[in-house]
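Scroll down for the structure; my scribbles are underneath it.
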Amino acid sequence: LPQMRSVNDGVELDRIVLGGIMANGFAPFDEAGIAIRKDDFAAPQHGAVMVWLLDHSDQWTPGTLNFADIQRQLEVAGLADKIGQGHAAVLDLLDLAGGIGPSVLVHRAQELIAVSIERKRRALASDYAEGRIVHDDYLEALGELEKREAGKQDALPPFMSLEELDAAYPDDPPLLIAGPDADNERDGAVLAFGEVGVLGSASKLGKTWSVIDAALAVATGRSWMSHFNCKPGRVLYINMELGGRAFIRRTEMLMVKRGLKAAEVMPNIRVWQLRNARIGAIEELGKQLAIRGEQFDLVILDPLYKLLGSREENSNGDMGELMQVIREGFCNGDKTAVLIVHHFPKGDLTKRAALDRFAGAGAIARDADTLITITPEGETFRLEYTTRDYKAGLPMELKMDFPVVDAIGPAEVSSPKAKAQSNHNLLRGLIEAESGMEKAELVKRFMAETGCGKSMAYRAIDKAEKAKAISRTTLEKTYVAA
């Protein structure tokens with residue numbers, strides 16, 4: 001609870017808004033109907049400077065060319081050093097204000113107000129929990145915050161010029177997970193801060209094992225699946241799938257296999273155990289997370305279907321809305337990456353593009369910034385990932401060494417059609433060499449040649465028969481090449 005009261009992540013936003021006010025004045029706020037308050041600023045001294053600028057608006061002229069004059073005015077008022085250090089305190093804001101036009105100032109001020117409301121909400125929760133305010137006062141204050149939040153005007157971002165857009169988003173968000181060969185152009189990037197990724201595979205294929213392993217990798221800054229580089233950070237695992245003891249047991253098994261010590265892991269992983277909880281609307285989870293006041297680098301949601309509520313998984317409208325709620329509630333602007341666990345529908349999905357392998361509406365996959373798919377290929381697995389903005393790395397072949405799966409090298413890069421044709425040719429060659437072959441023997445030979453399992457061999461034979469690459473004799477006991 002004391003940590004909640006010390007959260008102060010808005011000082012840089014304070015300075016951006018102050019610089020924008022000095023460059024544009026207060027007129028943009030009047031036009032947009034925004035009422036900014038002294039206590040909206042994270043640092044009290046910045047609020048004091050804003051009040052002075054407002055009360056003395058007839059004594060200074062907005063514009064970056066007039067910053068020196070504003071500097072002198074604030075020095076006389078004894079406020080210049082409240083912005084920064086040294087004589088050039090106000091002039092230091094010039095770089096921040098250079099690309100801030102009226103529309104960007106309005107947008108940044110709305111951000112400042114939103115951050116202020118969340119900060120005050122956290123402080124209220126702390127005060128109430130520690131008995132510093134009574135219940136009725138808590139409800140009244142919370143109601144005032146909600147009334148102000150509901151009354152915010154023009155919640156949508158403004159139109160921006162390209163210069164303003166560049167000033168608002170000067171840099172790419174840093175990467176949290178990346179391939180070993182990710183370069184400066186971010187080719188090979190997997191997941192960046194502020195992005196949402198979805199990991200999917202067939203049911204009971206080890207999705208939860210894999211994402212717990214990902215949590216351990218980020219918590220310790222080690223590689224994930226012995227392939228992906230992870231930036232060390234704090235992880236919140238929202239567990240809706242496993243019982244608490246089962247989750248601990250799996251985590252301990254993975255730690256033993258990876259050679260991790262508790263001292264490495266414990267400080268950076270928090271678990272929100274919701275297996276038997278009435279979750280209700282996912283919006284409430286986002287609010288609870290904000291109230292608790294902890295900051296995380298990665299949030300894992302396992303699994304997605306537990307968050308649907310009344311939404312229909314096959315509805316693009318419902319799933320598009322759900323993904324937007326996840327972004328707003330868990331990404332924390334561009335400070336937190338989110339990894340969602342989702343399932344595949346039943347059946348053979350190897351011929352489908354990664355975008356179409358996930359169960360339910362296509363909006364789930366289309367909204368995500370990164371898609372990670374794991375599909376079985378004989379005795380191994382194939383991992384593929386696609387990203388919205390970056391060139392993905394090569395597909396990887398994974399090998400299970402229970403309870404972990406690790407990359408053992410690049411997977412064969414070929415289309416499903418080409419792979420099927422290769423299997424057809426192999427089956428034809430095996431049959432022709434023996435002038436016909438019974439199914440049991442054909443399965444055995446195909447497994448020996450490819451290293452696949454029995455079920456995969458049967459599927460390959462069935463596909464070859466449907467494609468008329470091979471056929472059965474009249475008695476349907478012996479296969480011959482078609």
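Computed from a predicted model, the values in this text were never measured in an experiment.
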side-chain hydrogen bond (donor to acceptor under 3.5 Å, both in side chains) between Tyr128 and His135, intermediate numbers included: CA-CA 7 Å; Tyr128 180 57; His135 183 68; 2.8 Å; yes
Check against salt bridge (charged side-chain N to carboxylate O under 4.0 Å, His left out), Glu397 and Arg382: CA-CA 5 Å; Glu397 185 178 8; Arg382 182 186 184 91; over 6 Å; no
CA sep, side-chain torsions, deciding dist, call: Ile372, Val198, side chain to side chain contact (heavy atoms under 4.5 Å, CB included): CA-CA 6 Å; Ile372 305 171; Val198 180; over 6 Å; no
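- Residues that satisfy the side-chain hydrogen bond (donor to acceptor under 3.5 Å, both in side chains) test with Asp406, not counting sequence neighbours, are Ser226, Arg258.
- To the nearest 0.5 angstrom, Ile238 atom CD1 is 6.5 Å from Leu289 atom CG.
- Proximity of Lys231 to Val218: side-chain heavy atoms (C-beta onward) are nowhere separated by under 4.5 Å.
- Of the possible donor and acceptor atoms, one in the side chain of Arg388 sits under 3.5 Å from a partner among the backbone N and O of Ala368.
- Judged by distance alone, with hydrogens and angles left aside, the side-chain atoms of Thr336 form a donor-acceptor pair with the main-chain N or O of Phe296 at under 3.5 Å.
- Applying the salt bridge (Lys or Arg N to Asp or Glu O under 4.0 Å) test to pairs two or more places apart or on separate chains, those with a residue in residues 29-39 are Asp39-Lys120.
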Chi angles and distances behind the salt bridge (charged side-chain N to carboxylate O under 4.0 Å, His left out) call for Glu144, Lys147: CA-CA 5 Å; Glu144 288 298 319; Lys147 186 185 302 182; 3.6 Å; yes
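- Side-chain N or O atoms of Glu195 include one that pairs as donor or acceptor with a backbone N or O of Ala192 at under 3.5 Å.
- A salt bridge does not link Arg121 with Glu146: every distance from a Lys NZ or Arg NE/NH1/NH2 to an Asp or Glu carboxylate oxygen is 4.0 Å or more.
- With a 4.5 Å cut-off on side-chain heavy atoms, Phe247 and Ile212 count as touching.
- Contact of the Leu112 side chain with the Asp14 side chain is registered, since non-hydrogen atoms from C-beta on lie closer than 4.5 Å.
- Scanning for side-chain hydrogen bond (donor to acceptor under 3.5 Å, both in side chains) contacts around Glu313 gives an empty result, with sequence neighbours left out.
- The local environment of CD in Glu312 is crowded, with over 12 non-hydrogen atoms from other residues, nucleotides or ligands closer than 6.0 Å.
- Considering CD1 of Ile133 and CG of Leu139, their distance stands at 9.0 Å, rounded to 0.5 Å.
- With a 4.5 Å cut-off on side-chain heavy atoms, Pro303 and Met240 count as touching.
- With sequence neighbours left out, Glu111 forms a side-chain hydrogen bond (donor to acceptor under 3.5 Å, both in side chains) with Arg108.
- Rounding to the nearest 0.5 Å gives a distance of 8.5 Å between CG of Leu236 and CD1 of Ile300.
- Within the structure, the salt bridge (Lys or Arg N to Asp or Glu O under 4.0 Å) test picks out the following pairs touching residues 233-244 (sequence neighbours left out): Arg234-Glu294.
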Derivation and outcome, side chain to side chain contact (heavy atoms under 4.5 Å, CB included), residues Leu53 and Met22: CA-CA 8 Å; Leu53 290 171; Met22 293 176 189; 4.0 Å; yes
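- When all heavy atoms are compared, the tightest approach of His227 to Ala407 is CB-CB, 3.7 Å.
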Derivation of the salt bridge (charged side-chain N to carboxylate O under 4.0 Å, His left out) call for Glu252 and Lys257: CA-CA 9 Å; Glu252 289 176 342; Lys257 192 69 174 180; over 6 Å; no
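- Asn268 and Gly233 get closest at one heavy-atom pair: CB-O, 3.6 Å.
- Residues Phe193 and Lys335 have side chains not in contact (no heavy-atom distance under 4.5 Å, counting atoms from C-beta outward).
- What you find for Arg327 and Gly194 is that their closest heavy atoms are NH1-O, 4.2 Å.
- In this structure a side-chain-to-backbone donor-acceptor pair under 3.5 Å is missing from Ser223 to Asn229.
- Proximity of Lys207 to Phe344: side-chain heavy atoms (C-beta onward) are nowhere separated by under 4.5 Å.
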Residue pair Tyr237, Asp302: steps toward the side-chain hydrogen bond (donor to acceptor under 3.5 Å, both in side chains) verdict: CA-CA 8 Å; Tyr237 198 115; Asp302 181 17; 2.7 Å; yes
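- Between the Arg119 side chain and the Asp40 main chain, a donor and an acceptor come within less than 3.5 Å of each other.
- Taking the side-chain hydrogen bond (donor to acceptor under 3.5 Å, both in side chains) definition, one finds that Arg249 meets it with nothing, sequence neighbours left out.
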Verdict with reasoning, Val115 to Leu13, per side chain to side chain contact (heavy atoms under 4.5 Å, CB included): CA-CA 9 Å; Val115 169; Leu13 190 55; 4.2 Å; yes
Check against side chain to side chain contact (heavy atoms under 4.5 Å, CB included), Thr375 and Arg357: CA-CA 10 Å; Thr375 51; Arg357 293 181 193 172; 3.6 Å; yes
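- One distance of note links CD of Glu164 with OG of Ser103; it measures 3.5 Å at 0.5 Å rounding.
- When all heavy atoms are compared, the tightest approach of Leu175 to Ala189 is CD2-CB, 3.6 Å.
- Side-chain contact between Trp272 and Asn239: absent, with no pair of heavy atoms (C-beta onward) separated by less than 4.5 Å.
- Using cut-offs of 30° and 60° on the angle between ring planes, the pair Trp52 and His56 is parallel.
- Remark: Arg132 does not engage Asp137 in a salt bridge, criterion side-chain N to carboxylate O under 4.0 Å.
- Inter-residue side-chain proximity for Gln324 and Glu321 is flagged as unmet; no heavy-atom pair is nearer than 4.5 Å.
- A distance of 10.0 Å separates CG of Leu54 from CD1 of Ile36, quoted to the nearest 0.5 Å.
- Within 6.0 Å of OH on Tyr305 lie more than 12 heavy atoms contributed by other residues, nucleotides or ligands.
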From CA spacing to verdict: ring pair (Phe, Tyr, Trp, His ring centres under 6.0 Å), Tyr390, Tyr385: CA-CA 11 Å; Tyr390 320 118; Tyr385 65 98; over 10 Å; no
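- Smallest separation of non-hydrogen atoms from Ile113 and Ala35: CD1-O, 4.1 Å.
- Residue Ile364 holds its CD1 atom at 3.5 Å from NE2 of His342, rounded to the nearest 0.5 Å.
- Leu307 and Ile282 get closest at one heavy-atom pair: CD1-CD1, 3.7 Å.
- Ser126 places no side-chain N or O within donor-acceptor distance of the main-chain N or O of Arg122, the cut-off being under 3.5 Å.
- No donor-acceptor pair under 3.5 Å is formed between the side chain of Trp209 and the backbone N or O of Val405.
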